[in-house]
Asker: 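Got a structure here, written out as structure tokens. Questions coming.
Residues: numbered from 1 along the sequence shown. Predicted model, so just to flag it, every value in this text is computed and none were measured.
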Amino acid sequence: MSPSTARKTHLDALAITLLLVCCAFWGFQQILIKSTVAEVPPLWQASLRFWGAAVLIGLWCAARGVPLFQRDGTLKAGLLAGSLFAGEFAFIYLGLMHTTASRLTVFLYTSPFVVALLLPRVVPGEKLRRIQWIGLTIAFAAVALAFGEGFMHGSPVAGAWLGDAMALAAGVLWGLTTLTIRASKLATASPEKTLFYQVAVTAAVAPFISLALGEAWSLDYSAQAWGSLAIQTVVGAFASYLTWMWMLRHYPATQMSTFTFLTPVFALVFGVVLLGEPLTPQLVLALVGVAVGIVLVSKR
């Protein structure tokens, strides 16, 4: 095995830098969607994003000789993973019409707990230990505290419960997507093909949801809206996901997973600074609880 392909036992400076950049962008992309949704309808915005991403991944695979359409027994699992992924992003885009970007990201990152709870049922040998149960309990209490805030009439985020619920649904679907990949033949497929299933199915499904919601389609948008869509497509749905998958091949997944709690932190900071979103004690406590929970659940 050459040094360039050898699997490392720890995170080096390159890995830490890439993880910080990815987490910062994943926190920032909710701000991009939120700031664009007033001009570009949510599911139409998702359609444009994932059409572009599907083309980019197809070109990437063609250039690198990665086969996408050969028969390898992954079709059923790929379509299921793609459908779950499409549902996740439908809830994300729609949820941002009803809640803040910072709140949505905190609820979205309940995904690791869905995986932790259900993984022992689909992967033999996986079992939650006491420390992981403690992490799940802390995170659940924190999320319940923040979710209840959306029902309080005197709260600055009163009425946000619908968007919060959509964010939780997106987190569940994200977790189920991960489980589908782990427990099927997708686990041995190329990362590019696994990502293509998710992006291509979403590109096919999102327009129908958009039409069902009665969204107006157009391509006559401001330069700012097109810039947002370009960044969401090229950096968000293409480059950052491929970077993450490359790192999973070369670095310990358990060490990488602890960095994911930084994404809600970045989203919270960006939401408050760039969008003027309210910063409430309940949301801060929820963020801390989710972060602690992710760290404990990720322990091996």
Asker: How are the rings of Trp44 and Trp217 set relative to one another: parallel (under 30°), tilted (30 to 60°) or perpendicular (over 60°)?
Answerer: parallel
Asker: Are Ile92 and Leu274 connected in a single hydrophobic cluster, I mean Ile/Leu/Val/Met/Phe/Trp/Tyr linked by side-chain heavy atoms less than 4.5 Å apart?
Answerer: yes
Asker: Could you check whether the rings of Phe147 and Phe151 sit parallel, tilted or perpendicular, using 30° and 60° as the cut-offs?
Answerer: perpendicular
Asker: Take atom CH2 in Trp161; do more than 12 heavy atoms of anything else shown fall under 6.0 Å from it?
Answerer: no
Asker: May I ask you to decide whether Asp72 forms a salt bridge with Lys185, counting only side-chain N to carboxylate O separations under 4.0 Å?
Answerer: no
Asker: Tell me if the centroids of the rings in Trp174 and Phe85 come within less than 6.0 Å of each other.
Answerer: no
Asker: Determine the minimum heavy-atom distance between Phe266 and Leu20, stating which atoms define it.
Answerer: CE1-O, 4.1 Å
Asker: Could you tell me if the ring centre of Phe89 sits under 6.0 Å from that of Phe50?
Answerer: yes
Asker: I'd like to know whether CD of Glu39 has more than 12 heavy-atom contacts from other residues, nucleotides or ligands below 6.0 angstrom.
Answerer: yes
Asker: Taking all heavy atoms of Ala142 and all of Val290, pick out the closest pair and write down the distance.
Answerer: CB-N, 4.3 Å
Asker: I'd like to check Thr74 versus Tyr197 (side-chain heavy atoms, cut-off strictly below 4.5 Å). Are they in contact?
Answerer: yes
Asker: Looking at Phe140, I'd like to know if its CZ atom is crowded, meaning that more than 12 non-hydrogen atoms belonging to other residues, nucleotides or ligands lie closer than 6.0 Å.
Answerer: no
Asker: Given Arg103, which partner from the list Glu277, Glu149, Gln282, Gln30 fulfils the side-chain hydrogen bond (donor to acceptor under 3.5 Å, both in side chains) test?
Answerer: Glu149
Asker: Are any side-chain N or O atoms of Ser210 and backbone N or O atoms of Glu215, one a donor and one an acceptor, separated by less than 3.5 Å?
Answerer: no
